Amino acid sequence: MRKLKFLIIAFVVLLSIVSIAAETIKIAAVLPLTGAVAAYGQQGKQGILLANEMFPEVLGKKIEVVFIDTKSEKAETANAVARAIDYEKVNAIIGELISGNSLAGGAVADKKKVPMVSPASTNPLVTQGKKYMFRVCFIDPFQGKIAAKFAYNNLGARNVIIFTDIEQDYCVGLANFFKKTFKTFGGSIYEEYYRTGDQDFSAQLTDALSRNPDVLYIPGYYTEIALIARQARQFGFNGPILAGDGAEAQQLIEIGGDAVNDVYYTTHYHPDAAQTDIAKVFVEKFKEKYGERPSAMSALNFDAYLIIYDAIKRAGSADREEITKALRATKRFEGVTGVIKMGADGNPIKSAVINKVENGEFKFVTVVNP
Amino acid sequence: MRMTLPIFLQNLANGILLGGLYALIAIGYSMVYGILRLINFAHGDIFMMGTYFAFYGITLFFLPWWLAFVFAIIGAGILGFLIDRIAYKPLRNAPRISALITAIGMSIFLESLAVVIFGGIPKSFAPPRIYPKFFSKMLQIGSIRVQILTFFILGITALLITFLIWFVYKTKIGMAMRAISTDIATTALMGVNVDFVIGITFAIGSALAGAGGILWAMKYPNVNPYMGFMPGLKAFIAAVIGGIGSIQGAMLGGFLLGMIEIMLVAFFPRFAGYRDIFAFIILILILMYKPSGILGAKLEEKV
């Protein structure tokens, strides 16, 4: 028994010596692998794993990705970021995916001066006033504006009811930006409220549908969008439903079934609308590895990894400060989801696409440039 | 706010459906508490497990939906029995707080186990893959629309409650259960196999949770490891409102809570996002002013 203990200790010591000697560059991926938006985390992980496989080394050192689960919760995200920095001693962080969590996690990374790139958090507050926080997606004032334009011009909506998830900074923000633009067009808006995790929307829908809306705008996340769509169709609503980039996950279709037909959503990417060279390679490699077409979430996470990789290469160093400087100086990064020029505020300037659900598939509708 | 008669009636129907689901889950909660004075926090997680059993019965073993549901309910019952044997039985004579903490631990354990085995990504419990489309059809009655599933849920809840009342008041085991709820030690001295009866109580309560989970997923087809958490807490609140320990009370509490939640959103749509908070406020008020609930007997001790 004692011998065994000794062997284990010797093994652990040996392992740690080996890992120091190899001198890897460590990147933490702080993702919602379980919980309310687990599908995003899993899609994101696929994107990062593929990126790590295609670009495994930089400056002659191996890049090691450490995945840490946030359970889709804010407090857990803050813990996960702290763990990545204090315990795993990473050089940079990818994460989180949803805005509320990135706000919580980003605050920790900023305080500890570690560069963090969110693949998909679109709320403007995520990077605001932070030196070390970046993202590779567009932000919600832009997304809300194009959604409102699309609703008014393409869907012919004059009377829209918004379903706002009061728990999600993303949803509250996006709803407000939509409202602002839609009102300047002269459309009328009424708001219903819910919270992440709610299952029953019958009371809100009874009220909403008695106001005869043309379009329901649900800028929340896929599970609730699917449940609201399903219940809305049961109550006899046949019009189009509009959502934000939070809609895209296979679970929307699985849970929503026929009810999510005619759900339009603004998002970052569609494999049919590849704009760069790497985007075409990405679609092929992704299909090869996973046997399916990549989602926007996988593409964004791939880009987050790649932009950090690119920054380390340009900086010629994996030092946290150097990476941060290089990230801010990104001029023309060709990612899978488009060409990124990093704004001074840590927000990229890039185009958006509008997709729709049709017979259980995500179909490309159009590209909107900034 | 806008309230006309048709809208009010529609919300009444919405409330009855939600209340029926709460009632079904609350009964199991109440039964276990009635006997052991233990708040079984793992109840919501057995509810979740039962739903997964049904899901995999259909998608993995290709059972017909009704057979899968029956097996899942039995499976949930067996799981409840095992949980009692493994986690609660060794603590029978320990202070009540130890058992309570164990129950919370059990809840966390089951959730984590589900994440590991079934994965964190939600599964869809939607027709036609899982159950016939017939149940999700809407029935138009005057101006209100009611899902056919609603009648199914109400029918099953009524059936199960009738069965339980018969079981608890008319059978030998039921008599033993009632005896245990007054005095465990004396009942044991009378030659009753106390552990077996308690195990059966857990099995029945858990089977009810499994049934509740399946019906819940039929209505809200999003199956995930944490799906039992909120319904479990709501059922607990419902059981407290009705008088925890009483089967009829749990039923009444379930319907009341469902109705209150729906009407709150209907009359104050602005507060729709805070409906859970109101449920907890109701819990606090009941515990402060009428801890025995509406139908509960006066008890000296309360958790």
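Letters A, B, ... are given to chains in the order of the sequence lines, protein chains preceding strands, and every chain is numbered from 1. None of these values were measured; they are calculated from a predicted model.
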Please check if the number of heavy atoms outside [X] that lie under 6.0 Å from its [atom1] is greater than 12.
X: K180(A); atom1: NZ; result: no
X: D262(A); atom1: CG; result: yes
X: K123(B); atom1: NZ; result: yes
X: F118(B); atom1: CZ; result: yes
X: R270(B); atom1: CZ; result: no
X: Y87(A); atom1: OH; result: no

For this session: Before giving the answer on side-chain contact (heavy atoms from CB on, under 4.5 Å), spell out for Q231(A) and Y220(B) the whole-Å C-alpha distance, their side-chain angles and the decisive distance to 0.1 Å.
Result: CA-CA 9 Å; Q231(A) 290 169 36; Y220(B) 313 111; 3.5 Å; yes
Problem set entry | Minimum heavy-atom distance between A272(B) and Y193(A), given as atom pair plus value |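 Closest approach of A272(B) to Y193(A), heavy atoms only: CB-O, 3.0 Å.
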For this session: Would you name the heavy atoms of P122(B) and T223(A) that are closest together and state the gap between them?
Result: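 Here P122(B) and T223(A) meet closest at CG-OG1, 4.5 Å.
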Proximity breakdown for [X] and chain A, heavy-atom pairs closer than 4.5 Å:
X: R129(B); value: neither
X: K234(B); value: neither
X: M138(B); value: side chain

For this session: Report yes or no: does R195(A) contribute a side-chain atom to a donor-acceptor pair with the main-chain N or O of Y274(B) at less than 3.5 Å?
Result: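 Here the side-chain-to-backbone pair does not exist.
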Problem set entry | Any donor-acceptor N/O pair, T34(A) side chain to G120(B) backbone, under 3.5 Å |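 Absent.
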[X] side chain near [Y] side chain, heavy-atom distance below 4.5 Å:
X: Q147(B); Y: Q234(A); result: yes
X: Q10(B); Y: D207(A); result: no
X: S72(A); Y: Y226(B); result: no
X: D276(B); Y: D198(A); result: yes
X: Q204(A); Y: P269(B); result: no
X: S124(B); Y: Q251(A); result: no
X: P221(B); Y: L227(A); result: yes

What is the distance from atom [atom1] of [X] to atom [atom2] of [Y], rounded to the nearest 0.5 Å?
X: I166(A); Y: F271(B); atom1: CD1; atom2: CZ; result: 10.5 Å
X: L33(A); Y: I121(B); atom1: CG; atom2: CD1; result: 9.0 Å
X: N11(B); Y: L205(A); atom1: CG; atom2: CG; result: 10.5 Å

Residue selection (most heavy-atom pairs with chain B, distance under 4.5 Å) from [options]:
options: A38(A), G197(A), G35(A), A203(A); value: A203(A)
options: Q199(A), E254(A), R230(A); value: Q199(A)
options: P32(A), G236(A), A226(A); value: G236(A)

For this session: Answer yes when D200(A) and K219(B) have at least one side-chain N-carboxylate O distance shorter than 4.0 Å, and no when they do not.
Result: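 No salt bridge links D200(A) with K219(B).
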Which region of [X], side chain (C-beta onward) or backbone (N, CA, C, O), has a non-hydrogen atom less than 4.5 Å from a non-hydrogen atom of chain B, or is it both or neither?
X: F235(A); answer: both
X: I255(A); answer: both
X: D165(A); answer: neither

Problem set entry | Identified side chain to side chain contact (heavy atoms under 4.5 Å, CB included) counterpart of S202(A) within the set N14(B), V265(B), L18(B) |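 The single option meeting the side chain to side chain contact (heavy atoms under 4.5 Å, CB included) with S202(A) is N14(B).
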